[in-house]
Amino acid sequence: MAAAAFLQPVAAVQSNRVLNNSGAHYEFRNVSMRLIPKGSKVNIQLSRNGTYGSGKRNFCMIQASASQTSVVDPVSTPLNNSTGESKKKSNEAALILVRHGESLWNEKNLFTGCVDVPLTKKGVEEAIEAGKRISNIPVDMIYTSALIRAQMTAMLAMTQHRRRKVPIVMHNESEQAKSWSQIFSEETMKQSIPVVTAWQLNERMYGELQGLNKQETADRYGKEQVHVWRRSYDIPPPNGESLEMCAKRAVAYFEDHIEPQLQSGKNVMIAAHGNSLRSIIMYLDKLTSQEVISLELSTGIPMLYIFKEGKFMRRGSPVAPTEAGVYAYTRNLARYRQKLDEMLH
Ligand SMILES: O=C(O)[C@@H](CO)OP(=O)(O)O
């Protein structure tokens with residue numbers, strides 16, 4: 001099947017029933033399909049009571065064939081197997097951490113926490129700048145929080161990547177969402193980067209401070225008290241999460257979901273928040289609770305780690321996409337950079 005494929009909402013098809021080989025009818029509910037140009041063949045997958053089968057029928061400009069396709073899950077399928085761009089002979093991978101760009105509530109100096117606000121224009125520019133800095137570093141998987149400011153940052157950053165892969169948000173929240181967002185072209189899959197969103201990477205929940213102005217809160221409760229709420233390790237703000245509580249869920253997620261990807265040689269970018277990233281950095285750099293409270297992260301500045309032989313090595317922030325030093329960190333990064341240059345010049 002050579003033609004470019006794309007997903008089509010089921011509702012766009014003219015019938016609400018298809019006929020399978022044995023003459024049985026299936027409702028269109030849970031049908032996933034691959035559309036190709038007129039006259040070509042298309043495979044249809046039917047999901048009925050959890051089982052899959054193949055259907056055959058002419059409708060619109062599609063002719064259905066009896067052959068069956070397998071459902072390809074981009075998260076579990078290695079995306080780099082044909083380009084060889086980040087094949088790991090040694091067990092090594094790049095990890096990029098980036099705090100979201102400035103949000104509308106950063107700009108207004110409001111406690112934000114888990115309130116879902118977007119980036120400002122400056123935040124958009126910061127995200128694009130972050131993308132330029134990492135535009136020569138391989139990215140096979142992206143993890144973001146469930147909040148739009150982190151997701152915008154990841155997406156905007158990837159618009160700058162020289163490899164030009166397309167970040168695609170995975171929707172696993174329901175069987176239907178999963179089935180309706182499937183991709184049916186291996187070629188397209190190879191050119192995609194799965195984006196996994198996880199609430200565990202959210203900013204720490206700021207409780208009753210969310211939406212309050214930081215300066216006004218300091219004027220009202222005292223600078224010291226607000227400093228304790230903002231920067232102590234284990235004292236939570238009223239009805240909110242302490243950094244320790246935030247670290248518990250963010251680090252558990254990192255260990256359970258992200259570290260296995262790095263171990264398998266995938267290069268990962270995480271776009272998240274001041275406090276969820278401080279928690280993860282505390283884990284990566286083995287910081288004490290005293291050390292982590294003085295760690296401040298700027299918005300939109302990517303940080304690079306190399307994961308090798310089970311250890312994380314902090315490599316700082318690439319200051320420019322062409323910064324030679326970054327690519328000298330490992331042979332794989334150097335090779336990737338060289339391949340991009342060859343491909344794109
Ligand atoms: O308001 C927030 O959610 C965070 C991040 O902007 O603030 P703080 O600097 O106090 O961690």
Side-chain angles (χ1 to χ4, degrees), residues 96-127 129-130 143-154 156-157 197-251 253-254 269-285 287-303 317:
I96 298 163
L97 308 181
V98 60
R99 184 184 170 197
H100 63 83
E102 183 195 67
S103 78
L104 282 163
W105 278 18
N106 290 142
E107 187 187 37
K108 289 179 188 294
N109 201 25
L110 305 183
F111 286 102
T112 314
C114 287
V115 182
D116 203 358
V117 296
L119 301 182
T120 59
K121 186 168 177 285
K122 181 179 165 208
V124 168
E125 283 158 9
E126 285 175 335
E129 192 50 40
Y143 287 86
T144 77
S145 74
L147 301 172
I148 194 80
R149 57 194 187 273
Q151 296 176 11
M152 283 177 81
T153 301
L156 289 164
T197 62
W199 69 268
Q200 292 92 333
L201 299 174
N202 279 8
E203 181 54 286
R204 81 166 154 141
M205 204 275 280
Y206 246 122
E208 290 165 22
L209 299 187
Q210 287 183 175
L212 302 189
N213 182 284
K214 288 175 182 170
Q215 186 54 52
E216 287 168 14
T217 310
D219 295 344
R220 184 161 172 204
Y221 296 98
K223 241 170 109 178
E224 288 73 27
Q225 176 61 72
V226 169
H227 185 75
V228 167
W229 284 333
R230 290 184 70 186
R231 289 295 173 266
S232 58
Y233 181 65
D234 52 7
I235 302 173
N239 286 318
E241 281 184 307
S242 63
L243 181 59
E244 185 180 31
M245 290 153 84
C246 173
K248 215 168 169 192
R249 45 125 167 137
V251 173
Y253 186 84
F254 183 87
M269 176 167 88
I270 305 176
H273 304 264
N275 292 293
S276 52
L277 288 175
R278 288 160 83 217
S279 308
I280 290 171
I281 291 172
M282 180 182 183
Y283 169 75
L284 300 178
D285 288 352
L287 302 181
T288 64
S289 54
Q290 270 311 303
E291 287 167 330
V292 73
I293 57 176
S294 54
L295 176 67
E296 292 292 338
L297 302 181
S298 309
T299 50
I301 305 293
M303 281 158 291
S317 180

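Sequence positions, counted from 1, serve as the residue numbers for this chain. Note: hydrogens, waters and symmetry copies are ignored here, and every other heavy atom, side chains too, is used. Order of appearance sets the numbers: ligands from 1, and atoms from 1 within every ligand.
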Original post:
Salt bridge check: are Glu203 and Arg149 linked by an N-O gap of less than 4.0 Å?
Top reply: no
Subject >> Lys121 bridged to Glu125 by N-O distance under 4.0 Å >> reply: yes
Original post:
With Ser145, which of Thr197, Thr153, Asn202, Asp116 fulfils side-chain contact (heavy atoms from CB on, under 4.5 Å)?
Top reply: Asn202
Subject >> Heavy-atom closest pair, residues Arg99 and Gly274 >> reply: NE-N, 3.6 Å
Original post:
Between CG of Asn239 and CE of Met205, what distance do you get to the nearest 0.5 Å?
Top reply: 7.0 Å
**OP:** Would you list the pairs meeting ring-ring contact (aromatic ring centres under 6.0 Å, His included) in which at least one residue belongs to residues 205-224, sequence neighbours left out?
**Re:** Phe111-Tyr206, Tyr221-Trp229
**OP:** Identify, chain by chain and in numerical order, each protein residue with a heavy atom under 4.0 Å from an atom of ligand 1.
**Re:** Arg99, Asn106, Leu110, Phe111, Thr112, Gly113, Glu203, Tyr206, Lys214, Arg230, Arg231, Asn275
